[in-house]
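The next block holds one structure in the form of structure tokens; read it before the comments.
Keep in mind it's a predicted model, so treat the numbers as computed, not measured.
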Amino acid sequence: MGIFAARATKRLIESDLAPTGDWLRPPSDWPALDRADLLTLAALHTLTRIDVEDATSTWAAAGGKVNVGEVAGKSLRSLLRVEGGIEGGCRFVLGAVDPVGGFAGDWSLQATPEAAGVRLAVPSCRTREDALVNADLFAWVRSAHAQTLADGPPLRLTDGPPRLDGLAESQALRAPTVFHDASPFADDYVMPLPSAFRDGVRIPVPATEREPLVALLHACGLPVASRPGTDQGLCVVDLDGGRPGPAARLRLVGGLPGMDTDELVIELPQESELGRQRTFRAMVCLLWRIADRGRAACPQTVRILAGFLEDCAVDRSDPDRQAMFRPTWNPDLPLDVVPLRPGTSLPVALCVRGHRDSLMECLAAAQTWLVVRERTWTRGMRAASRQNNRIYSMRRPAFLTRDGNRLPYLRYAHTGVADVETTVLTGADKMWFWECVLKSSVGADGVRESVLMVDGLSQTDGVLGYGAELLRLLGAFARLVRSVEPAAEIRTITLEL
């Protein structure tokens, strides 16, 4: 059987040239997407058409013999991911995420453009008894992508920011089966919010530093309104992050009778626990940004804010903090997810025409509305060994870095532990679930055209990997662009599932 399996595997993974249609030449009024971008969007379309529900992958050691018990104990539902921008094309990878953020791949399928079409090749694969692991799924992905390359992805360009209503729906996590094929999205947690962060909290700040504080709030990059001379406040920062419904606000109140100080007032609407987690992170990031930039202009205010932020801090050096963790998603706790359902219009790129030099600050601010998920893992037979072997990690937004330089790529990645307000960096070799890239160029008319494009996605069980976080990023980015440049033209490219 080994000889026959090896021959079948060799035939299955041979490279092939897939023809492409005229869709690689989009209409002239489309944004400046290059050939590689269009090939990535085609791969995203293929990803949404694949059913990964019954596939299982293991993070047991890739080399040598692995016994059946180890495979069963270290198996998860397979994660299928598209990675854009590789060799001028893109790559599909299938595999399992291990508990500490590594990725054990079953196989990868590289799509590289050539003069006569797109070359489909297999840079790496894993076999068991000489047979390709998840061979049926590989054949499906390869066939489906060849069809996408021939027909082109169903893309649509519309005016305005992305329409996000109805894309996410509440679902419970599918429970593991007897084969231990748990979801790669299981076992995410959050820390409980601090008692210092609640509706109506009033932070006193000196009235003598009112003017520089107002200037800092206006320069924070978030939607700000001023109402001088009224009891509604001197300055109001809107913290909706593009979310519908009542917004959280940070209000600077001052100049009222009988008051010799101003106050920063936190106003919180009713929202879900994860919604409140988003508001908390955005608020903390805002206050840290004000404290960092205001050291010279309003030092007393900075000291007061530092004290409040210290009250909001979490002791992430506590080795027993997993006892405080709250689950975000399990079979009894539904979560908003983005299902891959026919008829869905999934936003995959935001195109902005305006006059700002860069929208990187908007992207950096937009990611503060994404939830930071806590994770922990340990091993050992005894309680003492499990405690000594405990490892903490996170899944959160992180900017890609290369040679010490931050790149305009934002990923939702498996990372080490850091405070929620920290801008986290990640390397190309770290596990991630989706990726966006921000590109810009100046046209002949002198107008800058920027594109925030989804450059990578993952899925399993018929849902996108942390798809709700991706939608929140796109919504917040569009909201912030409109805030800093109201006249900017925004268009959205959607992938029609």
Side-chain angles (χ1 to χ4, degrees), residues 161-165 167-168 188 190-191 193-194 197 199 217 220-224 236-250 266-290 309 312 314 328-329 335-338 347 350 352 359-374 394-399 408-413 415 418-424 426 432-436 438 452 454 464-484 490 492:
R163 298 178 178 88
L164 305 178
D165 291 348
L167 295 181
D188 284 335
V190 291
M191 290 291 289
L193 293 173
F197 181 75
D199 184 37
L217 291 170
C220 70
L222 306 186
V224 180
V236 182
V237 183
D238 198 332
L239 287 160
D240 64 59
R243 292 174 290 177
R249 292 182 174 88
L250 180 67
I266 296 175
E267 298 179 353
L268 302 176
Q270 292 292 326
E271 54 187 344
S272 67
E273 181 169 7
L274 278 191
R276 185 60 57 87
Q277 291 277 349
R278 298 186 192 282
T279 301
F280 171 71
R281 182 164 182 257
M283 181 81 72
V284 168
C285 289
L286 168 63
L287 294 179
W288 272 115
R289 193 154 59 244
I290 293 171
L309 290 167
C312 291
V314 173
T328 62
W329 195 25
L335 178 72
D336 279 349
V337 297
V338 181
L350 302 187
V352 181
L359 295 178
M360 271 298 291
E361 286 195 4
C362 287
L363 182 58
Q367 62 85 27
T368 65
W369 273 278
L370 306 191
V371 175
V372 172
R373 289 166 161 83
E374 308 270 357
M394 289 178 163
R395 289 182 182 175
R396 61 183 296 165
F399 281 97
Y409 289 82
L410 183 73
R411 294 176 165 180
Y412 201 83
T415 74
D419 291 330
V420 295
E421 70 273 8
T422 303
T423 299
V424 172
T426 186
W432 55 273
F433 298 89
W434 54 253
E435 175 184 85
C436 287
L438 180 62
L452 180 64
V454 179
L464 290 180
Y466 301 102
E469 303 305 318
L470 175 61
L471 296 186
R472 182 48 35 227
L473 176 76
L474 298 177
F477 180 78
R479 177 78 167 99
L480 297 177
V481 168
R482 281 283 168 83
S483 173
V484 299
I490 300 179
T492 302

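Leu239 CG to Glu267 CD: the interatomic distance, rounded to the nearest 0.5 Å, is 10.5 Å. Atoms CG and OG1, from Asp188 and Thr328 in turn, are 4.5 Å apart once rounded to the nearest 0.5 Å. In this structure, CD on Glu271 lies 10.0 Å from CD on Gln277, to the nearest 0.5 angstrom. Atom-to-atom distance recorded for Leu287:CG and Ile266:CD1 is 6.5 Å, nearest 0.5 angstrom. Distance check, rounded to the nearest 0.5 Å: CG of Asp419 to SG of Cys312 gives 12.0 Å. In this structure, Met283 CE and Leu309 CG are separated by 10.5 Å, a value rounded to the nearest 0.5 Å.
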TODO: Start with the C-alpha gap between Glu421 and Arg289, add the side-chain angles, then the distance that decides, and say whether salt bridge (Lys or Arg N to Asp or Glu O under 4.0 Å) holds.
DONE: CA-CA 9 Å; Glu421 70 273 8; Arg289 193 154 59 244; over 6 Å; no
TODO: Check the pair Cys436 / Phe477 against side chain to side chain contact (heavy atoms under 4.5 Å, CB included), numbers first and verdict last.
DONE: CA-CA 12 Å; Cys436 287; Phe477 180 78; over 6 Å; no
Open item on the list: Run Arg411 and Trp434 through side chain to side chain contact (heavy atoms under 4.5 Å, CB included) and show every step you take.
Closed with: CA-CA 6 Å; Arg411 294 176 165 180; Trp434 54 253; 5.9 Å; no
Open item on the list: Before you tell me yes or no, could you show the steps for Leu274 and Leu335 under side chain to side chain contact (heavy atoms under 4.5 Å, CB included), namely the whole-Å CA-CA distance, both residues' side-chain angles and the distance that decides it to 0.1 Å?
Closed with: CA-CA 9 Å; Leu274 278 191; Leu335 178 72; 3.2 Å; yes
Open item on the list: Pair Val371, Val190 - check side chain to side chain contact (heavy atoms under 4.5 Å, CB included), show working.
Closed with: CA-CA 8 Å; Val371 175; Val190 291; 4.0 Å; yes
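Taking both residues in full, the closest heavy atoms of Gly467 and Val338 are given as C-CG2, 3.5 Å, listed atom of the first, atom of the second, then distance. Minimum interatomic distance between Ala168 and Asp336 (heavy atoms only, all atoms of both residues): CB-CB, 4.3 Å. Across all non-hydrogen atoms, the minimal contact from Ala478 to Pro161 is CB-CB, 3.8 Å. Considering all non-hydrogen atoms of both residues, Pro347 and Leu471 come closest at CG-CD2, 4.2 Å. For the residue pair Val224 and Leu217, the shortest heavy atom distance occurs at CG2-O, 3.3 Å. Residues Asp238 and Ala247 come closest through the heavy atom pair OD1-CB, 3.0 Å.
Leu438 has its side chain out of reach of Tyr409: every pair of non-hydrogen atoms, C-beta onward, lies at least 4.5 Å apart. Residues Leu164 and Pro244 are not in side-chain contact: their nearest non-hydrogen atoms beyond the backbone lie 4.5 Å or more apart. Met360 is listed as a side-chain neighbour of Phe399, based on a closest heavy-atom distance under 4.5 Å. Side-chain contact between Arg479 and Pro223 is present, with at least one heavy-atom pair separated by less than 4.5 Å. Side-chain atoms of Trp369 and Leu480, non-hydrogen and from C-beta on, do get closer than 4.5 Å to each other. Residues Leu222 and Ser483 have side chains not in contact (no heavy-atom distance under 4.5 Å, counting atoms from C-beta outward). Between Leu268 and Arg276 there is a side-chain heavy-atom pair separated by less than 4.5 Å. Side chains of Leu350 and Pro162 form a contact here, defined as non-hydrogen atoms less than 4.5 Å apart.
Checked by atom type and distance alone, the side chain of Arg243 pairs as donor or acceptor with a backbone atom of Gly275 at under 3.5 Å. The main-chain N or O of Leu410 is never found under 3.5 Å from a side-chain atom of Gln367 such that the two would form a donor-acceptor pair. The backbone N or O of Leu370 sits less than 3.5 Å from a side-chain atom of Arg281, completing a donor-acceptor pair. A donor-acceptor pair is defined here as one N or O able to donate and one able to accept, closer than 3.5 Å; no such pair exists between the side chain of Thr368 and the backbone of Ala364. Side-chain N or O atoms of Arg278 include none that pairs as donor or acceptor with a backbone N or O of Arg472 at under 3.5 Å.
Taking the six-membered ring where the residue is Trp, the centroids of Phe433 and Tyr412 are separated by 6.0 Å or more.
Side-chain atoms of Arg249 and Thr279 include no donor-acceptor pair closer than 3.5 Å.
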